[in-house]
Every structure is written in structure tokens, then in C-alpha cells.
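A short worksheet on the structure shown next.
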Amino acid sequence: MRLNSSLAVIAFAFIACSEKKDTYNKPNQLPPIVDVMIAEKRGLTSELELNGSILSNEFVELMPETNGRLVYLNVPEGKVVQAGTVIARINDADLQAQLKKTQVQLEIAELTEQRLAKLLAVNGVNQADYDMALNQVNSLKADLDITQALIDKTVIKAPFTGRVGLRQVSNGAYVTTSTVIATMQETSQLKVDFNVPEEYSEYLKIGTVVDVVVDKRGTGDNERVTARIIAIEPQVDISSRNIVVRAMLSKTDASPGSFAKVYLKLGEMRKSIQIPTNSIIPEAKSKKVIRVKSGKAESVAIETGVRQSSMVEVLSGIDEGDTIVVSGVLFARPGRAVEIREIKSPQALMEAASN
């Protein structure tokens, strides 16, 4: 009886292990559920949407050229001042005293030089004595220029006609060459800086007109204006592979520093396959998408073209009629089956991305 019980226990354990092994080896996971789109050629807009920033035509931080205590401060916050207006003065009493001292020494040296010049004309003094007197005059004149230059550095003037910002210091404060007294900018003409991927450098030319969408100051509404490219950074940014472009805006009420959307024209309208940006799997040297074929997922390398806010043009790797995974991309493993939940249209994908 005991022998039969032992055999029963062993048999039960063997069956349990066999069932566990079979369960482990059996693919019990359900295929991932994905949304797809059918690749088709659609009209591609001829504009490239880019991000930009509004800049004032001129901008400067008013900072002293020397250290010292402020004895005069004229910062009309938020108002326009003319070029050359004195904004601040630093105490220059010691320099003024040095200037007067040098002027007195120069007067004496000039009298001496004039007297020796008359004597030299009648051979009453040798040439060396006269040269020393003349050298003293020239040296004191140079000292006078140096002192005057130091005095000029104690005066901060408006470099151009523009609007002054908020005052950052008070009269009587001790300032250094790194102290910002106020900012100043000229806003009668505005510029916009924007970044363009290097693959679109062929469309960048001085004089090219771009469209810019900005916020109208005080209204919250968008305003579409034009801008003309005036400068292109010659070097591509190493980290982002973008080119910085600057354009001069037409008349607008936008505020400097505000965000702007820039639209660069890329030529005539053409038809091409476009897929959502979130369906692309970026890799070190390539880009891939998941294509569904015969109910199974497969990885396909693609080459992309024009990028818009939510869609990307595909130049190669995908043909019309291909089924591309647009949702659940990370769960679709190449070579394994997938379950399609919904076939979405490109228009529906664009509308969903914009909402």
C-alpha cells in the first residue's frame, strides 16, 4: 500500500512538471493590438513649419566701463530716449583733479619749449635741451588724453534711439563693469530668428520672403505677416544640425522675445506618402517603421523628407498600399503576429495630432 502511494506521488509530480514545462513553452501571449494606416500619396504642402523668436532690431544692456559710485542716474523706465542722452554718471572727482594737474604742467612745459625754441634759433641752447622740452610737452599731452578717456568712461550714454527698460540700480549705488543699469532696445523694426534643418539649406537665400505667425500684442489673436531673410549663419550647429536664419519683419505689434511660427516655402505642391511622426522609430544611423504584412509585423528602414507639425514625408522604403502601424508601435515585434484594431485615415491622424 505504501509503495503504491509513493508511486502515485511521483507520477503526480511528473505530470505537474510536464504540464508546467508545456505551459512555459506554449506561446500564451495574445498578439498586440495596433492601429494602422494604408500608405497613400497625398498633396504635400509646400511650406516648412519652423519655430522662431522675435527680436528687437537693436538691444543693449547699459553697463559702466569702470567701477565707482553713481552720482547721476536718468533712467526713464519704459520711455524712448534719443541717442547720446546721458543715462548715468560715476564719480570722477579724482580724475578731474588729475586732469587739472596735467593741464597746469602742460602750460609750464609749453612755455619752456617756446623759450628754448627762441634760444635755439640764435644758437643760445643746444638741440638736446630743446628736444627734451618738446618731448615733455608731447608726453603731458598724451597724459591729458588718457585722463580724458578715463573721464569719458564714467559717463553712460544711450548708444541709439530706443526704449529704456526697467531700472536695476539706484542713485548712489556702487557699480562695477558687470552691473546692468538698465536695458534698451529699438522696437520700431523687429527681427525673427529661426532654425532650419540643414537638409533644407538649398531653400535659404538672402532676400527670400517667409511667412511668420505672431501673437498680436494685447489681443491674444494670431497675426500672419511676412519677413525677408537678411542673414544666414554660415556654420551648421553641431548638436542640432540646424542653421540659424534671421529675417526682418514687416510692421507688426509683436513683443520682442515672443514665440513665432515661421513658414518657409519649399517650392511647388507635390504628392508623396506621409506618415505620423510618432510612428517612426529613430535609430543611430537610420529611421524605421513597422509594416504589417500577412498579419505579421516587420521592420522597414525609410528615408524621410519634409517634416510638418504631425506628419513626415517618406521618400523611400514605403510603397502605396502598405499597411503601417501608427499606434502600439513599441509592442509590435518584427516577425510576430499583430491584431489590427482600426484602420485610420491620414486626415484623421492629422486632426487628432492638432487637437
Does the [X] side chain pair with the main chain of [Y], one donor and one acceptor, at a distance under 3.5 Å?
| X | Y | value |
| --- | --- | --- |
| N51 | A260 | no |
| R228 | G207 | yes |
| D237 | S240 | yes |
| S345 | A348 | yes |
| T179 | T176 | yes |
| T208 | L204 | no |
| T112 | I108 | yes |
| N138 | N135 | no |
| Q168 | L166 | yes |
| E320 | K41 | yes |

Residues [X] and [Y]: side-chain donor-acceptor under 3.5 angstrom:
| X | Y | result |
| --- | --- | --- |
| D131 | Q127 | yes |
| E223 | T252 | yes |
| S272 | E313 | yes |
| K287 | T304 | yes |

How long is the span from the [atom1] atom in [X] to the [atom2] atom in [Y], to the nearest 0.5 Å?
| X | Y | atom1 | atom2 | value |
| --- | --- | --- | --- | --- |
| I324 | I343 | CD1 | CD1 | 12.5 Å |
| T187 | L55 | OG1 | CG | 12.5 Å |
| T323 | K293 | OG1 | NZ | 10.5 Å |
| E233 | N195 | CD | CG | 10.5 Å |
| Q274 | L349 | CD | CG | 11.0 Å |
| L150 | D152 | CG | CG | 9.0 Å |

Heavy-atom closest pair, residues [X] and [Y]:
| X | Y | answer |
| --- | --- | --- |
| R69 | G172 | NH1-O, 2.9 Å |
| V326 | V329 | C-CG2, 4.2 Å |
| A109 | Q136 | CB-CG, 4.0 Å |
| V300 | G317 | CG1-O, 3.1 Å |
| M184 | V81 | CE-CG2, 3.4 Å |
| I273 | D319 | CD1-C, 3.7 Å |

(request) Given salt bridge (Lys or Arg N to Asp or Glu O under 4.0 Å), test D211 with K265 step by step and report yes or no. (result) CA-CA 9 Å; D211 290 336; K265 293 180 176 61; 3.4 Å; yes

Hey, quick one: are [X] and [Y] part of the same hydrophobic cluster, counting side-chain heavy atoms closer than 4.5 Å, chains of contacts allowed?
| X | Y | result |
| --- | --- | --- |
| V225 | V192 | yes |
| V155 | L70 | no |
| I290 | I280 | no |
| F194 | V236 | yes |
| L120 | L116 | yes |

(message) Using side-chain contact (heavy atoms from CB on, under 4.5 Å), reason through I38 and D322 one step at a time and then give a plain yes or no.
(response) CA-CA 6 Å; I38 306 300; D322 286 350; over 6 Å; no

Tell me, do [X] and [Y] make a side-chain contact under 4.5 Å, heavy atoms counted?
| X | Y | result |
| --- | --- | --- |
| P64 | V175 | yes |
| P159 | L62 | yes |
| E199 | P197 | yes |
| N74 | P76 | yes |
| V245 | D193 | no |

[X], [atom1] atom: more than 12 neighbouring heavy atoms under 6.0 Å:
| X | atom1 | value |
| --- | --- | --- |
| E77 | CD | yes |
| L119 | CG | yes |
| M132 | CE | no |
| R336 | CZ | no |
| F331 | CZ | no |

(request) Let me see the working for V325 and V338 under side-chain contact (heavy atoms from CB on, under 4.5 Å), right down to the final yes or no. (result) CA-CA 10 Å; V325 176; V338 294; 5.6 Å; no

(request) Only one of T226, L190, N57 passes side-chain contact (heavy atoms from CB on, under 4.5 Å) with L249; say which it is. (result)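 Checked T226, L190, N57 against L249; only one passes side-chain contact (heavy atoms from CB on, under 4.5 Å): L190.
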
(request) Report the C-alpha distance between E58 and Q185 in whole Å, list the side-chain angles of each, state the deciding distance to 0.1 Å, and finish with yes or no for side-chain contact (heavy atoms from CB on, under 4.5 Å). (result) CA-CA 5 Å; E58 300 289 349; Q185 51 190 331; over 6 Å; no

(request) Please step through side-chain contact (heavy atoms from CB on, under 4.5 Å) for the pair E110 and K141, ending with a clear verdict. (result) CA-CA 10 Å; E110 286 177 338; K141 285 182 178 179; 3.7 Å; yes

